[in-house]
Participant: 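Encoded as structure tokens, here's the structure I'll be asking about.
One-based numbering along the sequence shown.
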Amino acid sequence: MKNSISVRPSRRTSTRSLDRIIKKLGAKKGIDVSSTRAELREKIKSLNGKKALGYLAYHGIIDLTLPDGTTVAILPDWHIPAHDKQVSWMVKEWLADNNPDILIIIGDAADMFGLSRWPKAPGVIANTQHELDEVRRMMDEVIRLSGAMHVFYILGNHEDRNRRTQIDPNGNVAGLIDPSTKEPILNFHNLMGYTKDDPITFIYGSLGEGGMAGGIVVNGDIDFIHGMKVRSKPGQSPAAESDNTGRSVWHGHTHRLGKRSRRTTKRGVIRSFEGGHLSDPRHSFMSYAVKPNWTKGVSKGCVHGGKLHIQLLPILPVVGEDGQRRHAMVDGNKVYKTAVY
């Protein structure tokens with residue numbers, strides 16, 4: 001259905017316009033779109049019980065079972081508030097158009113520059129509360145625009161700056177317990193202000209760390225992790241991870257965009273994905289980015305035959321007919337563009 005029509009709604013009305021078109025086409029074909037989506041949501045819940053969707057915070061690897069037809073969107077390293085503002089507007093429009101069932105934040109959505117040990121240039125303001133507020137606003141907005149049933153937020157090494165800052169000078173502070181939640185009072189999801197009633201799960205490593213051991217395994221086939229291995233060429237970093245697990249891997253952290261696949265005798269085709277980034281290398285927080293081998297992008301997927309099929313969508317710098325520089329992304333028959341830089 002998406003490949004047969006061209007939809008170009010405005011940003012403010014994209015969700016409503018797309019909903020009207022889908023319902024109209026569904027009515028022509030005798031399909032109740034709203035009930036079909038509701039049935040899919042219930043099937044996801046029944047397959048997972050309370051295991052995958054019932055946590056505000058989870059330490060370790062979550063096994064997530066998704067039925068055929070489930071759609072997934074994956075957002076790579078965002079580094080808010082050092083994110084690319086124009087590209088972010090475009091990504092939000094894309095989420096509203098795609099309406100994924102599951103949204104995966106692969107880590108480093110928050111930069112946490114205020115807690116960084118990197119030398120801070122004179123005049124650069126580092127305000128951790130402001131950073132957390134900006135991340136919360138962005139997460140709330142993408143949850144609302146995407147209409148996702150559930151969001152999985154895998155903590156990266158930048159979110160882990162919060163934990164490391166606490167345990168280094170005074171481990172006793174890191175162990176203080178919130179009397180209402182019975183969890184460490186300064187953990188990341190608590191600072192973000194989310195509760196168990198929100199449709200979001202924060203995934204930590206087994207020891208409460210970020211960027212290392214936490215993740216998701218979808219249908220026993222593909223691992224979603226922030227990752228720590230860094231190799232020189234796109235696709236090599238997740239391939240190194242898949243050598244350890246024997247499963248396909250979607251890997252963040254490197255800001256590179258690429259994929260590799262290889263056939264094995266035991267598990268068939270193993271796929272390795274790196275999904276790029278959504279940060280702004282020109283931002284003062286990103287001073288370590290000197291001619292980086294980075295590519296902006298997002299990813300989407302759909303479950304078919306029990307496997308999650310994934311498409312990488314690069315976001316590329318372009319020059320329009322008017323001579324103005326923009327970023328653009330093509331998904332199906334629609335071209336998404338940023339405003340002029």
Participant: Might you work through the side-chain hydrogen bond (donor to acceptor under 3.5 Å, both in side chains) test for Trp250 and Asp223, ending with a clear yes or no?
Facilitator: CA-CA 6 Å; Trp250 202 108; Asp223 297 358; over 6 Å; no

Participant: Go through Ile185 and Ile177 one step at a time and tell me if the side chain to side chain contact (heavy atoms under 4.5 Å, CB included) criterion holds.
Facilitator: CA-CA 5 Å; Ile185 197 167; Ile177 301 298; over 6 Å; no

Participant: Against Tyr153, only a single residue in Tyr194, Trp78, Phe202, Tyr55 fulfils ring pair (Phe, Tyr, Trp, His ring centres under 6.0 Å); can you say which?
Facilitator: Phe202

Participant: Checking side-chain polar atoms at under 3.5 Å, does Ser237 have a donor or acceptor matched by the opposite partner on His253?
Facilitator: no

Participant: Look up atom NE2 in His327 and atom NZ in Lys296, then write down how far apart they are to the nearest 0.5 Å.
Facilitator: 4.0 Å

Participant: Applying the side chain to side chain contact (heavy atoms under 4.5 Å, CB included) criterion to Leu278, which one of Ile80, Asp77, Val298 satisfies it?
Facilitator: Val298

Participant: Are Glu241 and Ile225 close enough, and set up right, to give a side chain to side chain contact (heavy atoms under 4.5 Å, CB included), and what steps lead you there?
Facilitator: CA-CA 9 Å; Glu241 294 282 2; Ile225 57 174; 3.7 Å; yes

Participant: If only atom types and distance count, is the side chain of Asp160 paired as donor or acceptor with the main-chain N or O of Gly210 below 3.5 Å?
Facilitator: yes

Participant: Given the rule in the side chain to side chain contact (heavy atoms under 4.5 Å, CB included) test, do Tyr336 and Ile315 qualify, once you have shown the distances and angles that lead to the verdict?
Facilitator: CA-CA 9 Å; Tyr336 294 86; Ile315 298 171; over 6 Å; no

Participant: Is there a side-chain contact between Leu145 and Glu93 (heavy atoms, below 4.5 Å)?
Facilitator: no

Participant: Quiz question: by atom type and distance under 3.5 Å, do the side chains of His309 and His304 form a donor-acceptor pair?
Facilitator: no

Participant: Checking the side chain of Asp63 only, and the main-chain atoms of Gly220 only, is there a donor and an acceptor separated by less than 3.5 Å?
Facilitator: no

Participant: Hey, does the side chain of Asn48 reach the backbone of Lys45 with a donor-acceptor pair shorter than 3.5 angstrom?
Facilitator: no

Participant: Return yes if a side-chain donor-acceptor contact under 3.5 Å exists between Arg231 and Thr254, otherwise no.
Facilitator: no

Participant: Nearest 0.5 angstrom please: Thr65 OG1 to Leu47 CG, how far?
Facilitator: 6.0 Å

Participant: Under 6.0 Å from the ring centre and within 45 degrees of the ring axis: does the NZ or CZ of Arg260 meet both conditions for the six-membered ring of Phe273?
Facilitator: no

Participant: Look at the side chain of Arg163 and the backbone N and O of Asn187, then say whether any donor-acceptor pair between them is shorter than 3.5 Å.
Facilitator: no

Participant: To the nearest 0.5 Å, what is the distance between CD1 on Ile143 and CD1 on Ile200?
Facilitator: 4.5 Å

Participant: Do the side chain of Ser242 and the main chain of Gly246 share a donor and acceptor less than 3.5 angstrom apart?
Facilitator: no

Participant: Looking only at side-chain N and O atoms, does His83 offer a donor or acceptor that is under 3.5 Å from a partner on Asp280?
Facilitator: no

Participant: Can Lys307 and Asn219 be said to form a side-chain hydrogen bond (donor to acceptor under 3.5 Å, both in side chains), step by step?
Facilitator: CA-CA 7 Å; Lys307 291 186 181 292; Asn219 292 7; over 6 Å; no

Participant: As a quick check of understanding, evaluate salt bridge (Lys or Arg N to Asp or Glu O under 4.0 Å) for Arg144 and Asp140, giving each step before the final call.
Facilitator: CA-CA 6 Å; Arg144 177 180 62 82; Asp140 286 348; over 6 Å; no

Participant: Could you grab the distance from atom NE2 of His251 to atom OG of Ser248, nearest 0.5 Å is fine?
Facilitator: 14.0 Å

Participant: Can you confirm whether Ile61 sits close enough to Ile216 that some side-chain heavy atom of one is under 4.5 Å from a side-chain heavy atom of the other?
Facilitator: no

Participant: Taking atom types as modelled, is there a side-chain donor on Asp101 or Thr70 under 3.5 Å from an acceptor on the other?
Facilitator: no

Participant: How far does CG of Asp84 sit from OG1 of Thr338, to the nearest 0.5 angstrom?
Facilitator: 7.5 Å

Participant: Test His79 against His255 for side-chain hydrogen bond (donor to acceptor under 3.5 Å, both in side chains), laying out the working first.
Facilitator: CA-CA 11 Å; His79 290 274; His255 294 199; 3.0 Å; yes

Participant: Any side-chain heavy atom of Arg256 within less than 4.5 Å of one from Thr295?
Facilitator: no

Participant: Working note: Ser88 + Met138, criterion side chain to side chain contact (heavy atoms under 4.5 Å, CB included); need CA distance, chi angles, decisive distance, verdict.
Facilitator: CA-CA 9 Å; Ser88 296; Met138 184 69 82; 4.1 Å; yes

Participant: Is there side-chain contact between Ile222 and Arg247, with at least one heavy-atom pair below 4.5 Å?
Facilitator: no

Participant: I need the minimum non-hydrogen distance between Glu274 and Pro238, along with the two atoms involved.
Facilitator: CG-CD, 3.2 Å

Participant: Whether the side chain of Arg161 engages the backbone of Asp111 through a donor-acceptor N/O pair (distance < 3.5 Å, no angle test) should be reported.
Facilitator: yes

Participant: Would you call His189 and Glu183 a side-chain contact if the rule is heavy atoms closer than 4.5 Å?
Facilitator: yes

Participant: Which heavy atom of Gln324 sits nearest to which heavy atom of Asp322, and what is that distance?
Facilitator: N-OD1, 3.0 Å

Participant: Looking at every non-hydrogen atom in both residues, tell me the closest pair between Met329 and Pro314 and how far apart they are.
Facilitator: CG-O, 3.7 Å

Participant: Do Ile105 and Phe152 have side chains that get closer than 4.5 Å, going by heavy atoms?
Facilitator: no

Participant: Any side-chain heavy atom of Leu313 sitting closer than 4.5 Å to one from Lys300?
Facilitator: yes

Participant: Is Glu42 reaching over with its side chain to a backbone N or O of Glu39, donor-acceptor style, under 3.5 angstrom?
Facilitator: no

Participant: Out of curiosity, Lys229 NZ to Asp243 CG, how far, rounded to the nearest 0.5 Å?
Facilitator: 9.0 Å

Participant: Do Trp294 and Pro281 have side-chain heavy atoms sitting under 4.5 Å apart?
Facilitator: yes

Participant: Hey, mind stepping through Glu131 and Asn127 against side-chain hydrogen bond (donor to acceptor under 3.5 Å, both in side chains) and telling me if it holds?
Facilitator: CA-CA 6 Å; Glu131 292 188 53; Asn127 185 322; over 6 Å; no

